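Here the structure is laid out as structure tokens; the discussion comes afterwards.
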Amino acid sequence: MTAGTGFGTDATGGLAGVPERPVFDVCGPLPDGTTVLEASAGTGKTFTIAALATRFVAEGRAELRELMLVTFGRAATSELRDRVRERLVSAERALRGPDPATSDDPVVALLADVDAAELDRRRARLAAALSQLDAATITTTHGFCQQMLTSLGIAADVDPAATFVADVADLVREVSDDLYVRRFSDEAHPALTPSMAADLGRAAVSDHQAVVEPAEPGGGAPSSPGALRRAVAQETRDETLRRKRAQHLLDYDDLLVMLRDALADPVHGPVAAERVRSRFRVVMVDEFQDTDPVQWEILRTAFHGHRTLVLIGDPKQAIYAFRGADVVAYLDAQQDATAVATLGTSWRSDEPLLRALDTLLGGAALGDERIVVRPVDAAHRGSRFDGGAPLRLRQVTRAALGMS
Ligand SMILES: Nc1ncnc2c1ncn2[C@@H]1O[C@H](COP(=O)(O)OP(=O)(O)OP(=O)(O)O)[C@@H](O)[C@H]1O
Ligand SMILES: [Mg+2]
């Protein structure tokens with residue numbers, strides 16, 4: 001399908017072997033199905049979510065409380081809330097003002113391009129949305145999963161005595177110290193210090209999905225420093241899990257796995273998924289590249305194929321690879337999507353800088369051939385700064401740093 005992709009294709013035509021992407025038009029038909037928008041920094045990803053939210057509401061596709069907007073991290077959530085609020089406020093004000101159909105703001109002009117009765121309805125829908133702003137679901141992925149768990153009563157079903165803990169760092173440290181004493185107290189020169197063991201344990205626990213390598217040779221006693229470190233990491237992970245269960249503690253990752261399993265349950269899953277999706281008509285995820293595979297499975301089971309799902313991100317900006325997100329979820333979603341498009345213009349960087357970056361990185365595949373640096377046009381044609389080269393590279397060799 002081609003919803004919202006009315007601005008032609010991006011500028012990748014010149015790059016051998018890189019397929020062009022349709023450019024998403026925020027004033028095109030509103031998306032339905034599952035749309036993935038992959039776009040670079042400063043091309044208006046968050047802007048697009050705020051504009052689409054305003055259109056979904058004003059055009060009567062959904063009330064504000066029927067939209068779920070998800071992003072990564074609390075700071076991003078509050079930025080998204082502010083930007084949606086500003087967009088709703090400015091659209092409502094513009095539609096009440098003189099000649100909205102000739103507005104410079106293309107979204108306002110589009111919304112005003114209707115007969116008088118529909119224009120009145122659109123104003124009323126926006127005014128209603130402004131009075132409901134606090135009821136809007138604008139949250140982090142964790143926040144959304146927690147809300148869903150509470151509404152489904154899953155944590156209580158699994159373990160009525162369970163206590164939620166936001167941070168298991170103290171428990172991991174305690175486990176690590178106990179295991180250290182058990183393993184190394186008789187050794188005059190232990191191969192690891194207590195803090196090295198604690199670091200290993202923390203890394204193994206915080207990334208549940210990481211495979212601990214190298215595999216132990218023959219399952220026997222550790223025979224190399226690598227095998228010793230592996231054993232310490234694995235033991236800390238296993239023992240932490242055992243103590244969490246014994247103490248009836250649940251952390252965020254446990255909740256996520258429980259929710260995923262509840263939705264995938266062959267008997268009760270469909271009813272649970274229906275309950276999760278019943279409140280929402282449209283779900284939009286900003287910073288989607290930082291969604292991990294478990295979170296994506298939850299979103300997919302709950303919404304993909306059932307509700308309008310818009311997933312916006314820039315895999316080049318993935319900050320979460322170290323926790324198992326590793327853009328796998330992003331690539332899966334791209335495969336499942338009914339439409340994949342991009343945003344073709346940077347509103348932040350000027351043209352000389354963008355062209356210099358193209359020369360350096362254009363067409364480069366970052367870790368996966370499906371993640372390619374694509375050129376973007378510049379909204380700012382000239383240099384935004386006086387003088388000097390748009391981009392300078394400094395090469396620092398290992399030898400210059402005194403490293404061999
Ligand atoms: N279509 C547009 N028209 C006018 N200004 C825009 C448009 N799109 C984005 N902008 C402006 O460009 C700036 C960058 O936009 P935005 O923050 O939405 O980009 P982003 O892709 O989300 O960036 P990041 O990758 O950092 O999250 C903002 O000031 C925004 O208001
Ligand atoms: Mg953004």
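Here, residue 1 is the first one in the sequence, and each next residue gets the next number. Whatever order the structure lists them in is the order used to number ligands and atoms, beginning at 1. Remember, predicted model here, so these are calculated numbers, not experimental data.
Atom CG of Asp115 has more than 12 neighbouring heavy atoms from other residues, nucleotides or ligands inside a 6.0 Å radius. Environment of CZ in Arg381: crowded, with over 12 heavy atoms of neighbouring residues, nucleotides or ligands closer than 6.0 Å.
Side-chain contact check for Arg348 and Thr43: no donor-acceptor pair (N or O, by modelled atom type) lies under 3.5 Å. Checking Glu287 against Gln289 by side-chain atom types alone, a donor-acceptor pair falls below 3.5 Å.
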Short N or O contacts of ligand 1 with protein, under 3.5 Å, listed by atom name?
from     : atom 1 : to     : atom 2 : distance (Å)
ligand 1 : 8 (N)  : Trp347 : NE1    : 3.4
ligand 1 : 17 (O) : Arg83  : NH1    : 3.0
ligand 1 : 17 (O) : Arg83  : NH2    : 3.4
ligand 1 : 17 (O) : Arg348 : NH2    : 3.4
ligand 1 : 18 (O) : Thr46  : N      : 3.3
ligand 1 : 18 (O) : Phe47  : N      : 2.8
ligand 1 : 18 (O) : Arg83  : NH2    : 2.8
ligand 1 : 19 (O) : Gly44  : N      : 3.1
ligand 1 : 21 (O) : Gly42  : N      : 3.4
ligand 1 : 21 (O) : Thr43  : N      : 3.3
ligand 1 : 21 (O) : Gly44  : N      : 3.1
ligand 1 : 21 (O) : Lys45  : N      : 2.9
ligand 1 : 21 (O) : Lys45  : NZ     : 2.8
ligand 1 : 22 (O) : Lys45  : N      : 3.4
ligand 1 : 22 (O) : Thr46  : N      : 3.0
ligand 1 : 22 (O) : Thr46  : OG1    : 3.0
ligand 1 : 23 (O) : Gly42  : N      : 3.1
ligand 1 : 23 (O) : Arg348 : NH2    : 3.1
ligand 1 : 25 (O) : Lys45  : NZ     : 2.6
ligand 1 : 25 (O) : Gln317 : NE2    : 2.9
ligand 1 : 26 (O) : Arg348 : NH1    : 2.9
ligand 1 : 26 (O) : Arg348 : NH2    : 3.0

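Taking 2.8 Å as the limit, the number of protein N, O or S atoms around the Mg ion (ligand 2) is 1.
Taking the ring centre of Phe47 as origin, the terminal cationic atom of Arg87 falls inside the region bounded by 6.0 Å and 45° from the ring axis.
Under the 30°/60° scheme for interplanar angles, the aromatic rings of Tyr330 and Phe288 are found to be tilted.
Of the listed residues (Gln147, Met68, Arg65), just one forms a side chain to side chain contact (heavy atoms under 4.5 Å, CB included) with Arg279, and that residue is Gln147.
The main-chain N or O of Ser40 is found under 3.5 Å from a side-chain atom of Lys45 such that the two form a donor-acceptor pair.
In this structure, the side chains of Val84 and Leu69 come closer than 4.5 Å at one or more pairs of heavy atoms.
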